[in-house]
**Q** 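Here's a structure for you.
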Amino acid sequence: MADEMKMRATMQGDVADVKVRMTHIMETGLRKDAKTDKFIPAHFIDQIVATLNGKTVLDAQWGVAIAKNPFIGFRIKGAKPGDKIAISAVDNLGTKYGGETTVVAAK
Amino acid sequence: MVAIGTGLLRSGEVLAATWNKLAFTSTNVADAMKNANYGGAAESKDIQLKLPDIAENGASVPIEVTSHIPGTTSIAIFVEKNQNPLVADFELSNGAEPYINTFIKMSQTSQVRVAVKAGGKAYTQGKEVKVTIGGCGG
C-alpha cells in the first residue's frame, strides 16, 4: 500500500506547488462486465482533504468522473520549505487513504 | 457518539462534510449547478480554463482552472453531457490559490463548465471539448 499516494510540493516564489497522484480504480458504476452483462459496482474516492501544517487548505468532494488513478495539482500561498502537507481521502466503500510530504525549495 | 450512531457520518476526523449526493446524482447541468450551490452563476472571462480542443481519450482529459476573481473560495467542474454532470467541487481555504489541475472523464463531446464562488456569488465559464473515444464506458 506504500505506493498508493505519491506527493510532491515545491516552492515557486511564495507559493507551494503541490502535486498528488493516487492509485485508485475510480470505477463509475456505469460499465458492464462483458461476461456477466451486469454493471460493475461504483468504487471511487468521493472526499479528499489537504492540510498545511494541520490546517485545511483544500476540502473536495468528487464524483465518479475524476479519471482513474486520480491526479490533483493545487497551490498554497504562504507555505515555506519544511512545511508539512498531508492528504486524507476516503472512497464510497469507506476505505481511507493518506499521504504526507514536506515542502521543498525550488531547484 | 451521537453522530456515529446515525450511520450517516464516517468516523474520518477531517472528512466531516456529508457528500452532496443530490448534486452528484443530478442528471442535467442546471440541476447539478443549482444543487451544488452554483445556481444563477454569471458568465465570467476571469475564469481561465486550460482544456484541449480535442481529447483522443475521454477517460482522462486534462483540465487546469485558474480563477482571477478576487475572493474565490471554491471551484466546481461539470461535464454537461456526462450522465451525472458534476465531476468535483473543491473548497479552498487558508492560502490555497484559486487554481486546480486534474484529469476528468468525458463520455462524449461536451461543454465542460467550471463554476466558482467568490464573495457569496457564483460565476461560470465553459469550453467545448471534442472527444474521439468516450471515457465513461456507457
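Computed from a predicted structure; not experimentally measured. Each chain gets a letter, A, B and so on, in the order its sequence line appears, and its residues count up from 1.
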**Q** If you group Ile, Leu, Val, Met, Phe, Trp and Tyr by side-chain heavy-atom gaps below 4.5 Å, do A:Trp62 and A:Tyr97 land in one group?
**A**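 A:Trp62 and A:Tyr97: one cluster.
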**Q** Which atoms form the tightest heavy-atom contact between A:Ala67 and B:Ala59, and what is the distance?
**A** CB-O, 3.4 Å
**Q** Side-chain heavy atoms nearer than 4.5 Å, only ILVMFWY residues, links allowed to pass through others: does that put B:Ile77 and A:Phe71 together?
**A**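 No, B:Ile77 and A:Phe71 fall in different hydrophobic clusters.
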**Q** Where do A:Ala60 and B:Phe90 come nearest, in terms of heavy atoms and distance?
**A**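 A:Ala60 and B:Phe90 have their closest heavy atoms at CB-CD2, 3.4 Å.
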**Q** Out of curiosity, A:Ile72 CD1 to B:Asn101 CG, how far, rounded to the nearest 0.5 Å?
**A**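 It is 8.5 Å, given to the nearest 0.5 Å.
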**Q** Contact part of B:Asn84 toward chain A, heavy-atom cut-off under 4.5 Å: side chain, backbone, both or neither?
**A** neither
**Q** Is A:Met7 linked to B:Tyr99 within one hydrophobic cluster, defined over Ile, Leu, Val, Met, Phe, Trp and Tyr using a side-chain heavy-atom separation of less than 4.5 Å?
**A**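 In one cluster: no.
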**Q** Without swapping roles, check the side chain of B:Thr102 against the backbone of A:Ile66 for a donor-acceptor pair under 3.5 Å.
**A** no
**Q** Let me know if B:Phe103 has heavy atoms under 4.5 Å from chain A in its side chain, its backbone, both or neither.
**A** both
**Q** Could you walk me through whether B:Asn94 and A:Leu52 satisfy the side-chain contact (heavy atoms from CB on, under 4.5 Å) test, starting with their C-alpha distance in whole Å, then the side-chain angles of each, then the deciding distance to 0.1 Å, before giving a yes or no?
**A** CA-CA 8 Å; B:Asn94 294 313; A:Leu52 172 71; over 6 Å; no
**Q** Give a yes or no on whether the backbone of B:Thr18 and the side-chain of A:Gln61 come within a donor-acceptor separation of less than 3.5 Å.
**A**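 The answer is yes, because a donor-acceptor pair under 3.5 Å joins these two groups.
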**Q** B:Trp19 and A:Phe44: aromatic ring centres closer than 6.0 Å?
**A**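 When the ring centroids of B:Trp19 and A:Phe44 are compared, they turn out to be within the sub-6.0 Å range.
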**Q** Are B:Lys105 and A:Thr28 close enough, and set up right, to give a side-chain contact (heavy atoms from CB on, under 4.5 Å), and what steps lead you there?
**A** CA-CA 10 Å; B:Lys105 292 175 201 165; A:Thr28 62; 3.4 Å; yes
**Q** Quick check on the hydrophobic clustering: are A:Val64 and A:Ile40 connected, directly or via other members, by side-chain heavy-atom contacts under 4.5 Å?
**A** no
**Q** For chain A, which candidate among B:Glu91, B:Glu64, B:Lys21, B:Gln83 shows the most heavy-atom pairs at distances under 4.5 Å?
**A** B:Glu91
**Q** Take B:Leu92 and A:Val57, measure what side-chain contact (heavy atoms from CB on, under 4.5 Å) needs, and give me the verdict at the end.
**A** CA-CA 6 Å; B:Leu92 312 157; A:Val57 287; over 6 Å; no
**Q** Just how far is it from atom CG of A:Asp59 to atom CG of B:Asp89, taken to the nearest 0.5 Å?
**A** 9.5 Å
**Q** Could you state whether B:Ile69 and B:Ile100 fall into the same hydrophobic cluster, counting links through intermediate Ile, Leu, Val, Met, Phe, Trp or Tyr residues with side-chain heavy atoms under 4.5 angstrom apart?
**A**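 As far as the 4.5 Å side-chain criterion goes, B:Ile100 and B:Ile69 are connected within one cluster.
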**Q** Using non-hydrogen atoms and a 4.5 Å limit, figure out which bit of A:Val18 sits close to chain B: side chain, backbone, both or neither.
**A** neither
**Q** Could you list the residues that satisfy side-chain hydrogen bond (donor to acceptor under 3.5 Å, both in side chains) with A:Glu27, not counting sequence neighbours?
**A** A:Arg31
**Q** Is it true that, when you exclude B:Lys81 itself, more than 12 heavy atoms of the residues, nucleotides or ligands shown sit nearer than 6.0 Å to its NZ?
**A**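 Incorrect, the count does not exceed 12.
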**Q** Does anything in residues 74-82 of chain A reach chain B? List residues with heavy atoms under 4.5 Å apart, or say none.
**A**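 Within residues 74-82 of chain A, the residues under 4.5 Å from chain B are A:Phe74, A:Arg75, A:Ile76, A:Lys77.
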**Q** Working to the nearest 0.5 Å, report the span between OG of B:Ser107 and CG of A:Leu30.
**A** 9.0 Å
